[in-house]
Amino acid sequence: MSVFALVDCENFYASCERIFRPDLKYKPIVVLSSNDGCVIARSKEAKQLGIQMGVPWFKTKKNFLKNGGVFFSSNFALYGDISNRVMNILAGMANNIEIYSVDEAFLDLENMNLENSDIADEFAMHCRSLIKQWVGIPVRIGIAPTKTLTKVASYLAKEQTKRPGIFSISNNWMEIASSLKKVPLHEVWGVGKRLGKKLSVLGLRTAYDLACIDISLIRSRYSVVLERTVRELRGETCLQLDKSLDPKKQIVVSRSFSEKITRIEDLFPIVNDFGVRACEKLRKENQLCSKAGVFIRTSPFRIKDKQHSASKFFTLSSPTNDTRDILNGIRKSLPIIFRRNYPYAKSGVMLMNFSDTHVKQYSLFNADNLLKQNDRLMKTIDQINQKENLIRFASQSEVGYTAFRKTNVSPRYTTNWNELPRVNE
DNA sequence: TCTGGGGTCCTAGGACCC
DNA sequence: TCTGGGGTCCTAGGACCC
């Protein structure tokens, strides 16, 4: 019998900021996206102030600060490190774990007896207090027979007063049904905005309504994906824990600009930066790519502006992770899609069609030994830059895209010697 | 003035093969 | 008048997730 747990860090980025700032314990906190563009995380208090997820910062800033709110620009070095610490604890608590995102993991609790709800609750409480004590992050835990139901449980765990942050559902239709009735349709894992709209036209309101629908209807009118969701809601395990350490299938580095760019001379250094960064990621994954592309677009929010969005992909003559190959491709591709006098707001570089470095396919027209030298060159550059970004390509921007607007970044408390927290005597 | 970044999977349709 | 059957691979687009 399958049993899964979902461990979900509450208000993750905001909670991370709070670890080293106990003075902010009951204050509303928001964390902003790059360029301080919009709100991407909110503490409980910020949610209570009515700050919506994804709202543009400039629209809510004044009101939020007036109410005593504190904001942070995103500090992914900190969040990544805290995430690792949480995941390490979880890895020690279950035979198998799937790290689903920076703030969420599924645990395989195979053989746990869910009929006795005390067992599940005790496990969850132990897990919760350990993470709180060792890392300082509050988590919510849902336990259920399918992954989709753990999401339901986690949602219901929010409202628990007896055992806050914990909820379990056993594999019993009566119990599942009563849980599902409390969950609105759009909260179901796998039902997004569009599907939610379509399904509500059919009169569905809750997760329970969806679970009761005729499977063959779902299959013929929607997709196999939604069919799995329905089956999982009924307690039938369709999704297993994904333990594979599959390599990525695509790497994207993209940013919005703090100021619109209209000249290709200004665009090139930034896009090249994206290319350099993307190749670093690719080498870290021990992969080669045989296709890459660049895209640019204007801001869809500025309706009065001329709009343009375009991408251009190029195929590499042989699979590569050599930054120079990608920069070459960008140099040829960007002018093809670029249009003069359009206010570009965002661009990015994508790498795809990966293959393993061990199975490198050499080109008929390149000398093998040259490729080996390139490998060593790239490795050396990576090693040097890992400590301090000293080596740059001439075509990269001098300041780098990291120079984009950030008005209030917290220190990298746990990953940089110079930014360790200080204790006053 | 100012609106994030990075992923995955599925499907339909076209090109091509024998 | 009549025009096969069974595949694979690739791409673009749509949906979802955090």
Side-chain angles (χ1 to χ4, degrees), chain A residues 6-13 30-41 51-62 71-76 79-80 83 98-106 147-148 151 154 186-199 218-229 238-239 242 244 246-260 274 277-278 281-282 285 290-291 293 295 297-305 309-311 313 315 343 345-354 401-402 404-407:
Chain A
L6 172 68
V7 180
D8 197 335
C9 299
E10 298 194 286
N11 317 321
F12 184 55
Y13 297 165
V30 296
V31 177
L32 307 177
S33 64
S34 82
N35 267 324
D36 291 348
C38 44
V39 172
I40 56 169
I51 309 293
Q52 294 297 310
M53 181 66 171
V55 70
W57 177 229
F58 72 89
K59 281 189 184 171
T60 198
K61 181 177 181 178
K62 208 171 161 188
F71 76 97
F72 290 94
S73 307
S74 37
N75 179 353
F76 291 111
Y79 312 147
S83 172
E98 173 190 343
I99 298 175
Y100 182 66
S101 73
V102 70
D103 65 343
E104 263 178 65
F106 289 104
K147 286 167 97 176
T148 306
K151 286 274 184 180
S154 167
H186 63 265
E187 292 289 342
V188 173
W189 193 40
V191 176
K193 239 183 181 167
R194 321 253 162 140
L195 265 179
K197 224 175 208 170
K198 282 187 203 163
L199 293 170
I218 289 288
R219 188 57 196 268
S220 59
R221 287 179 61 169
Y222 302 95
S223 70
V224 62
V225 187
L226 191 62
E227 178 186 345
R228 276 200 289 259
T229 299
C238 302
L239 303 168
D242 187 0
S244 61
D246 280 351
K248 287 189 180 150
K249 296 176 177 165
Q250 151 181 322
I251 286 173
V252 181
V253 175
S254 71
R255 290 291 181 282
S256 301
F257 312 138
S258 51
E259 279 164 25
K260 305 289 171 277
F274 297 157
R277 181 79 194 95
K281 287 187 178 182
L282 185 63
E285 294 270 316
S290 56
K291 194 177 164 189
F295 71 86
R297 70 158 169 78
T298 53
S299 168
F301 301 106
R302 306 217 312 196
I303 324 164
K304 281 180 234 154
D305 282 352
S309 165
S311 60
F313 290 89
T315 304
K346 178 175 182 171
S347 87
V349 169
M350 310 168 87
L351 309 180
M352 56 199 69
N353 290 18
F354 293 168
Y401 67 75
T402 46
F404 290 179
R405 191 195 320 130
K406 276 191 177 210
T407 47

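Keep in mind that what you see is a predicted model, and the values were worked out from it rather than measured. Below, chain A is the first sequence line, B the second, and so on; all start at residue 1.
Residue-level contact check: A:Leu195 touches the backbone only, with heavy atoms under 4.0 Å from sugar-phosphate atoms and none from bases. Nucleic acid contact class of A:Val102 (heavy atoms, under 4.0 Å, all strands): none. Counting any heavy atom pair closer than 4.0 Å across all strands shown, A:Lys248 reaches sugar-phosphate atoms only and no base atom. Within the nucleic acid shown, A:Glu259 has no heavy atom closer than 4.0 Å to any nucleic acid atom. Looking at heavy-atom distances under 4.0 Å, A:Asp36 makes no contact with the nucleic acid at all. A:Val191 comes within 4.0 angstrom of the backbone, heavy atoms only, and of no base. Backbone-only engagement by A:Trp189 is indicated by non-hydrogen atom pairs under 4.0 Å involving sugar-phosphate atoms exclusively. Note on A:Val39: nothing from the nucleic acid sits closer than 4.0 angstrom, heavy atoms only. Across all strands, A:Lys197 comes closer than 4.0 Å to no nucleic acid atom at all (heavy-atom distances).
Going from the P atom of C:dC18 to that of B:dT3 covers 25 Å, rounded to whole Å.
Here the side chain of A:Glu98 pairs a donor or acceptor atom with the backbone of A:Asp242 at under 3.5 angstrom. Side chain of A:Ser74 to main chain of A:Phe76: no donor-acceptor pair is present (N/O by atom type, distance under 3.5 Å, no hydrogens or angles).
Pair check for B:dC18 finds C:dG5; Watson-Crick or G-U wobble, both atom distances under 3.5 Å.
Both A:Gln250 and A:Arg302 lie close to DNA chain B; mapped to their nearest nucleotides by heavy-atom distance, the more 5′-ward contact belongs to A:Arg302. Looking at which nucleotide of DNA chain B each of A:Ser299 and A:Pro247 is closest to, the 5′-most match is held by A:Ser299.
In summary, the side chains of A:Thr407 and A:Asp36 do present a donor paired with an acceptor at a separation below 3.5 Å, with no hydrogens or angles considered.
The salt bridge (charged side-chain N to carboxylate O under 4.0 Å, His left out) test applied to A:Glu227 returns A:Arg219, A:Arg231, not counting sequence neighbours.
Each of A:Leu32, A:Ile40, A:Val30 was checked for a side chain to side chain contact (heavy atoms under 4.5 Å, CB included) with A:Tyr13, and the lone residue meeting it is A:Ile40.
Minimum heavy-atom separation, A:Arg405 to A:Ser258: NH2-O, 3.8 Å.
Counting 5' to 3', DNA chain C first comes under 4.0 angstrom of a heavy atom of chain A and last does so at the ends given by C:dT11 to C:dC18.
A cation-pi contact, defined as under 6.0 Å to the ring centre and within 45° of the axis, is absent between A:Lys248 and A:Phe354.
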